[in-house]
There are 2 protein chains.
Amino acid sequence: MASIKDVAAEAGVSVATVSRVLNDHPSVSADARTRVLAAVEALGYRPNAVARSLRTDQTRTLGLVISDVLNPYFTELARSVEEEARALGYSVIIGNADERPDLQDHHVRTLLDRRIDGLLVSPTDGGSPLMLDAARAGTPMVFVDRWIPGVDVPVVRADGRAAVRDLVAHLHALGHRRLAIIAGPAATTTGSERVEAFREALAEYGIPLPEAYIGQGDFQAESGRRVTEGFLDLPEPPEVVFAADNLMALGALDAVRARGLRVPEDLALAAFDDIRWFVHTDPPITAIAQPTGELGRAAVRALVDRIEGREPRSVTLPARLVVRRSCGEQPASPEPDPVQNRSTS
Amino acid sequence: MASIKDVAAEAGVSVATVSRVLNDHPSVSADARTRVLAAVEALGYRPNAVARSLRTDQTRTLGLVISDVLNPYFTELARSVEEEARALGYSVIIGNADERPDLQDHHVRTLLDRRIDGLLVSPTDGGSPLMLDAARAGTPMVFVDRWIPGVDVPVVRADGRAAVRDLVAHLHALGHRRLAIIAGPAATTTGSERVEAFREALAEYGIPLPEAYIGQGDFQAESGRRVTEGFLDLPEPPEVVFAADNLMALGALDAVRARGLRVPEDLALAAFDDIRWFVHTDPPITAIAQPTGELGRAAVRALVDRIEGREPRSVTLPARLVVRRSCGEQPASPEPDPVQNRSTS
DNA sequence: CCGGTTCATGGAATCGATTACATCGGCGTG
DNA sequence: CACGCCGATGTAATCGATTCCATGAACCGG
C-alpha cells in the first residue's frame with residue numbers, strides 16, 4: 001500500500017508538503033498542490049489512519065458498548081449513535097456485551113487499548129473496576145439508557161415514571177388488580193428503576209406488589225419465559241404481567257402460548273420498550289416507547305462535547321405509553337401509520 | 001497514559017525487555033520478568049494497540065459491512081461473526097450500510113483506512129469500484145449472504161432453492177395458484193436469486209409468474225408495504241405474497257392491516273428469513289430459515305484462513321422451510337420449543 | 001584454562017504520519 | 001537600496017510500540 005513517502009516521491013516534493021496538502025494547510029503553492037493531488041490520484045493513496053492516530057493522539061472514533069445486539073432497542077440505539085457520530089466526523093465501534101459483565105469488560109478493554117476518543121456505555125452491571133478506573137482516569141465517557149450511580153459521568157436516558165403511571169392507570173381502569181412484573185437484573189438501573197416506578201404507581205391505587213409478583217429476569221427472552229411460568233404456577237396467578245423489556249415480553253408470550261392460554265383473556269401483557277413487531281403480534285402489545293433515536297443522538301452530542309472540551313450535559317427524555325390490545329381493551333382508534341419513518345441523513 | 005518507556009524506567013530495564021516480557025519472548029530472566037510485570041501492574045499499563053499495529057502492520061481486526069442493522073437477520077449474523085472472531089483472537093468493526101451504496105462505500109473506505117486485516121461484506125449493490133479495487137489489490141475479503149459475481153472472492157451463503165421449492169409445493173397443496181413475490185433490489189444477488197428460485201419452482205407446477213406479480217422492493221419495510229398495496233389494487237390480486245426478506249414481510253403485514261384485510265384469508269404471506277417474532281405474529285408467519293449463526297462463523301473462518309495464509313473456501317449451506325399458519329393451514333404439530341437456544345461461547 | 005555457544009539485555013532503526021523549526025527567495029517600504 | 005517580513009518548502013523529531021544486531025556474561029567441553 002502506498003505511503004506518504006511514495007506520494008512525495010511521485011510528486012517531487014517532501015512528505016511535509018504532501019501532508020500539508022492533505023490537511024489543507026494554507027501555505028502550499030497551487031503548483032505543489034496540483035502535483036500532490038495528481039500523485040495521490042495516480043497511486044490511489046489513502047492516508048494510514050493508524051499512523052495518523054499515533055501521531056495526533058486522536059482516533060476520531062467513539063466506542064459504544066451495548067448490552068445486547070439482539071435486542072431491537074439497542075440496535076436502534078446503535079443506529080442513531082452511528083448516524084449522529086458520522087455527522088460529527090466520528091466513527092463508532094460497537095461492542096456487544098450480551099448482558100455479560102465479563103464480555104462488557106472485554107470490550108471496554110479492547111476499546112481503551114485502541115485509544116478511542118470516547119466511550120458510550122449502557123452498563124450491564126454495577127460497574128467493573130475497569131470502567132470505574134477509566135472514568136476516573138478521565139476517559140471521556142457518557143452513559144446511555146442505563147447508568148452507574150455515584151460516578152461522575154453524564155447520563156442520557158429516558159424517564160419512564162410517567163409512562164408507567166399511565167400504564168398502571170390503564171390497567172386499573174380495565175379492572176386489573178393483580179399486577180406482576182418481570183424485572184431486569186437488580187444491578188442495572190433500568191432493572192431496579194422500572195420496578196420502583198411500577199411499585200409507586202401501584203401504591204397510588206392502593207395496590208400492593210407482593211414479592212411473589214416480582215419475577216427476577218435478566219433482560220433475555222428465556223428468563224421472561226421462566227418467570228412467566230412461575231407466575232402461572234402460583235396459587236393465585238397475576239392478571240397482568242409487565243415485562244421490563246421487549247425480549248422478556250417475547251419469552252412471556254412463549255410461555256403463555258406453550259400452555260395454550262390466551263392474551264389478554266388469561267393473562268394480560270405489557271412491555272417496556274416498543275418495537276415495530278408489537279403492532280402485529282397476537283394480540284398487539286401495549287408498550288412503553290422510548291425516544292430511542294433522540295437518546296442516541298443526544299448521547300453522542302454529550303460525548304463529543306466532552307471530547308472537544310465543552311461541558312457535557314446529562315439528558316432525560318420522557319417515555320410514553322402506547323396502548324394496544326394486550327391488556328384487554330380495543331384502543332379507541334387504530335394506530336395511524338404503523339410504518340415508522342426512518343430518517344436517512 | 002503510561003507508555004512502554006514509563007514501564008521500562010519503573011522496572012529499571014530497557015523498552016526492549018519490556019516488550020519481550022509482554023510478548024513472552026523466551027529469553028528474559030525471571031528477575032526481569034517479575035520486575036516488569038510489577039511495573040506494569042503499578043502503572044496500570046496497557047499496550048497502545050495503535051502503535052503496535054503501526055509497527056507490526058496488523059490490527060487483528062476484521063471489518064464487517066452489513067446491509068441493515070435494523071434487520072434481525074443481519075444482527076444475528078453480526079453477533080455470530082463477532083463471537084467466532086473473538087474466539088480466534090480478532091475484533092470486529094461493524095459498518096451499517098442501511099442498504100445504501102454510498103454508505104457502504106463510506107464504511108469500506110474507513111475500514112480500509114484503519115488497515116483492518118480483512119473484510120466481510122454483504123454487498124448492497126453490484127459492487128463499487130472501491131470494493132472491486134480492494135479485492136483486486138489483495139485485501140483479504142469474503143462475501144457473506146450476498147455476493148458480487150465475477151469477483152474472485154470466497155462466498156459464504158445459504159442456498160434457498162430447495163426451501164423455496166418446498167414453499168411452493170406447500171402453497172400449491174393449499175390450493176393457491178396466483179402467487180406474487182416482493183423482490184429485493186436486482187443489484188443484489190439475494191434480490192434476483194430468490195425471484196429466480198421462485199419462478200423455477202412455480203414452473204414445475206406450470207404456474208406462470210407474470211410481471212405484475214413481481215414487485216420491486218428494496219429489503220426495507222416501507223417498500224414491502226408499497227408493493228403489497230400495488231398487488232391489492234390489481235384487477236386480479238394474488239392469493240399469496242412471498243416477501244424476499246422479513247422487513248418487507250412486516251411492511252406487507254402493515255398494508256394488509258391498513259385495509260382491514262386478513263392473513264391468510266384475504267392474502268397469504270410467506271417470508272424469506274425467519275425471526276423469532278414470526279411465531280407470535282397474527283397469524284404466525286411461514287418462513288424460510290437460514291442457518292444464520294453457522295453462516296457467520298463459517299465466513300469468519302474463511303476470512304481468517306485467507307488472512308493467515310491458508311486457502312479459504314466458499315461455503316453454501318441449505319436453508320429450510322418453516323411452515324406456520326400465514327398461508328392457510330394449521331401445521332400438523334405445534335412447534336416444539338419456540339425459545340431458540342442462544343449459544344454463550 | 002580457553003574458544004565457542006547460549007542467554008539476557010540494551011541501543012537504535014523502523015512503521016507512516018504530523019509539525020516545529022530552519023532556510024531561502026521575493027517583495028514592499030522607508 | 002537595504003532591511004525585514006512573509007510565504008513556500010524541506011529536514012528532522014516525535015508518537016509507542018517491535019525487532020535486528022551487538023555486547024557481555026556465563027557456561028560447557030576438550
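Side chains are part of it too, since the values below use all heavy atoms of this structure and drop only hydrogens, waters and symmetry mates. Below, chain A is the first sequence line, B the second, and so on; all start at residue 1.
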I need the [atom1]-[atom2] distance between [X] and [N], as an integer number of Å.
| X | N | atom1 | atom2 | answer |
| --- | --- | --- | --- | --- |
| A:Gln58 | C:dT19 | CD | P | 9 Å |
| A:Asp31 | D:dA8 | CG | C1' | 11 Å |
| B:Asn23 | D:dC20 | CG | P | 12 Å |
| B:Asp113 | C:dG16 | CG | P | 14 Å |
| B:Ile4 | C:dC15 | CD1 | P | 18 Å |
| A:Asp6 | C:dC15 | CG | P | 11 Å |
| A:Asp24 | C:dT18 | CG | C1' | 14 Å |
| B:His25 | D:dA17 | NE2 | C1' | 16 Å |

OP1 or OP2 of [N] less than 4.0 angstrom from a side-chain nitrogen or oxygen of [X], does that happen here?
| X | N | answer |
| --- | --- | --- |
| A:Ser19 | C:dT18 | yes |
| A:Ser3 | C:dC15 | no |
| A:Ser29 | D:dT9 | yes |

Original post:
When you measure from the side chain of B:Val15, which nucleotide among C:dA17, D:dT18, D:dT11 comes out closest?
Top reply: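 Selected nucleotide (nearest to the side chain): D:dT18.
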Subject >> Selected nucleotide, minimal atom distance to B:Arg20 side chain, candidates D:dA17, C:dG11, C:dA17 >> reply: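 Nearest to the side-chain atoms of B:Arg20, counting from C-beta on, is C:dG11.
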Subject >> Pair A:Thr59-A:Ser53, side chain to side chain donor-acceptor pair (under 3.5 Å): steps then yes or no >> reply: CA-CA 5 Å; A:Thr59 50; A:Ser53 292; 5.4 Å; no
Original post:
Crowded around B:Arg313 CZ? As in, over 12 foreign heavy atoms under 6.0 Å?
Top reply: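 No, the 6.0 Å shell around CZ holds no more than 12 heavy atoms from other groups.
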Original post:
Quick one, which residues of residues 47-56 of chain B touch DNA chain D with a heavy atom under 4.0 Å?
Top reply: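 Nucleic-acid contacts, sorted: B:Pro47, B:Asn48, B:Ala51, B:Arg52, B:Leu54, B:Arg55, B:Thr56.
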Is the shortest side-chain N to carboxylate O distance from [X] to [Y] below 4.0 Å?
| X | Y | answer |
| --- | --- | --- |
| A:Glu99 | A:Arg146 | yes |
| A:Asp24 | A:Arg33 | no |
| A:Arg35 | A:Asp31 | yes |
| A:Asp113 | B:Arg46 | yes |
| B:Arg301 | B:Glu294 | yes |
| B:Arg79 | B:Glu84 | no |

**OP:** Would you check if A:Asp145 and A:Phe74 make a side-chain contact, meaning some heavy-atom pair closer than 4.5 Å?
**Re:**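 Of all side-chain heavy-atom pairs linking A:Phe74 with A:Asp145, at least one is under 4.5 Å.
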Subject >> A:Val40 side chain reached by A:Glu10 side chain, heavy atoms, under 4.5 Å >> reply: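 Contact flag for A:Glu10/A:Val40 side chains = no.
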Subject >> Toward the 5' end of DNA chain C, by each residue's nearest nucleotide, A:Ala16 or A:Lys5 >> reply: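 Taking each residue's closest nucleotide, the earlier one in sequence belongs to A:Lys5.
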Original post:
So what does A:Asp57 hit on the nucleic acid, given a heavy-atom distance under 4.0 Å: a base, only sugar-phosphate, or nothing?
Top reply: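 Counting heavy atoms under 4.0 Å across all strands, no contact is made by A:Asp57.
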**OP:** Check every strand shown and say whether B:Ser27 touches a base, only sugar-phosphate, or nothing at a heavy-atom separation below 4.0 Å.
**Re:**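 Result for B:Ser27 = base.
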Original post:
What bend angle does the helix from C:dC1-D:dG30 to C:dG30-D:dC1 show across its length, from five-pair end axes and to the nearest 10 degrees?
Top reply: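 Comparing the first five pairs with the last five, the axes sit 50° apart.
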Subject >> Polar pair under 3.5 Å, donor/acceptor by atom type, side chain B:Arg115, base C:dG16 >> reply: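 Looking at the base of C:dG16, it does not pair with any donor or acceptor on the side chain of B:Arg115 (distance under 3.5 Å).
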